[in-house]
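Okay, structure first, notes after.
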There are 2 protein chains.
Amino acid sequence: MRDTPRPDFDLDAFMPYLLNQAAEHVSLGFAATYKADYGLTRTQWRVMANLGRFGAMNAAEICRISHIEKTRVSRAVAQLEAEGYLTRARASDDRRREDLALTEAGRAVFVALGARGMAYQADMAARIGPERFAALEEGLRALIAAYGTSADD
Amino acid sequence: MRDTPRPDFDLDAFMPYLLNQAAEHVSLGFAATYKADYGLTRTQWRVMANLGRFGAMNAAEICRISHIEKTRVSRAVAQLEAEGYLTRARASDDRRREDLALTEAGRAVFVALGARGMAYQADMAARIGPERFAALEEGLRALIAAYGTSADD
DNA sequence: TGTTATTCGTTGCAAATGCAACTATGTCAA
DNA sequence: TTGACATAGTTGCATTTGCAACGAATAACA
């Protein structure tokens, strides 16, 4: 009586569970880098990474691209500005908007962390094998495409 | 001057980023189910899923298996007990330990959500194709194995 | 033009979280 | 036995988070 008349559901093979496990393990590994060396939170790093990769944009665009909640972005931006990593400027054509751009210091951090990120990525590929890595990437993209566009984009 | 003299780092191909995106999309989809219908948080659901799948065990074991922080487990367990989904019993051989087990009500929720989970999973596989789905699963397992065991297990 | 709806970003507040400190129990060895 | 150390689980506290409500600016349109 102590054991379930067990249904077929197996947590070990449940994709949301696997995704979370993998994401957590992998993210924590890299998070240690930018946390220890630059005092950045995950959200702060992601905001910087988007600005670094895609150029200046406003907060709402970052939300749309990264699917980070807008409150979180708002606070991350405030902190990044306080630390001199980005600047905000009211858009002249629409004064609700604030154009965000990395400062030189911010760009430098982005470049440095980008290099670390690529090294981390290479290590990952080596650990599980390049073919598996490629297949994984493709699967993740498919998933994001399948669920991202329909829901909230 | 507004655009980065861009380094090679490409956020779109950064695995931790892809993993987080995918995990978030997919998890939120399923989370809506157990949140809306049973008022469960993600941690609560995961605790129940572990108990349902692996049978009675104590909180520390749940921590080890699921990699959830022990404070979080402690609080989830307290809430689940308050709602009648599980029982705690001091282990007779070691009175520090508390054996946790799902109640009938808890088991019923686990079974119901398990069924939903399988349906959700089937939908995912259909959306991206079974081969990709299988490859994705294999890659995720490899990643978890590669990073999980070394770090904190 | 005036009225209503929408969008951008911030803030208040309650809930969730992480970390360290703590209690209680158990282990090991002198 | 005693004392040092380890483990199970809880609690205090500061930080982070999500959601809803908000003010300001703009769009849409009668």
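Below, chain A is the first sequence line, B the second, and so on; all start at residue 1.
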With 3.5 Å as the limit, what N/O pairs link the protein to nucleotides 12-17 of chain D?
| residue | atom | partner | partner atom | Å |
| --- | --- | --- | --- | --- |
| D/dG12 | O6 | B/Arg75 | NH2 | 3.1 |

Set out, line by line, the N/O atom pairs under 3.5 Å between protein and nucleotides 23-25 of chain C.
| residue | atom | partner | partner atom | Å |
| --- | --- | --- | --- | --- |
| C/dT25 | OP1 | B/Arg95 | NH2 | 3.1 |
| C/dT25 | O2 | B/Arg96 | NH1 | 3.3 |

5′-ward residue of the pair A/Arg97/B/Ser92 relative to DNA chain C: A/Arg97
Measure the distance from NE2 on B/His67 to C1' on C/dG18 and round it to the nearest whole Å. 18 Å
Would you say B/Ser74 places a side-chain N or O within less than 4.0 Å of OP1 or OP2 belonging to D/dG9? no
Only counting residues at least two apart or in another chain, list the ones meeting side-chain contact (heavy atoms from CB on, under 4.5 Å) with B/Ala105. B/Tyr85, B/Thr103
Sequence neighbours excluded - salt bridge (charged side-chain N to carboxylate O under 4.0 Å, His left out) pairs with any residue from residues 23-52 of chain A: A/Asp37-A/Arg116
Classify A/Arg88 by what it touches in the nucleic acid, base, sugar-phosphate, or nothing, heavy-atom distance under 4.0 Å. sugar-phosphate
Apply ring pair (Phe, Tyr, Trp, His ring centres under 6.0 Å) to B/Phe133 and list each qualifying residue two or more places apart in sequence or on a separate chain. none
Return the set of residues passing side chain to side chain donor-acceptor pair (under 3.5 Å) with B/Gln121 (not counting sequence neighbours), or none when no residue passes. none
The criterion is side-chain contact (heavy atoms from CB on, under 4.5 Å); which residues satisfy it with B/Ala59, sequence neighbours excluded? B/Val73, B/Leu100
If the condition is salt bridge (Lys or Arg N to Asp or Glu O under 4.0 Å), which residues does B/Glu138 pass it with, not counting sequence neighbours? A/Arg132
Pick the closest DNA chain D nucleotide for A/Lys70 and for B/Ala59 by heavy atoms, then say which residue is nearer the 5' end. B/Ala59
Show me the donor-acceptor pairs within less than 3.5 Å that the side chains of residues 74-83 of chain A make with the rest of the protein, sequence neighbours left out.
| residue | atom | partner | partner atom | Å |
| --- | --- | --- | --- | --- |
| A/Gln79 | OE1 | A/Gln44 | NE2 | 2.8 |
| A/Glu81 | OE1 | A/Arg88 | NH1 | 2.9 |

With salt bridge (charged side-chain N to carboxylate O under 4.0 Å, His left out) as the test, would you mind laying out the steps for B/Asp94 and B/Arg90 before giving the verdict? CA-CA 8 Å; B/Asp94 183 344; B/Arg90 283 277 162 210; over 6 Å; no
Nearest-angstrom distance from the residue atom CD of B/Glu98 to P of D/dT7: 19 Å
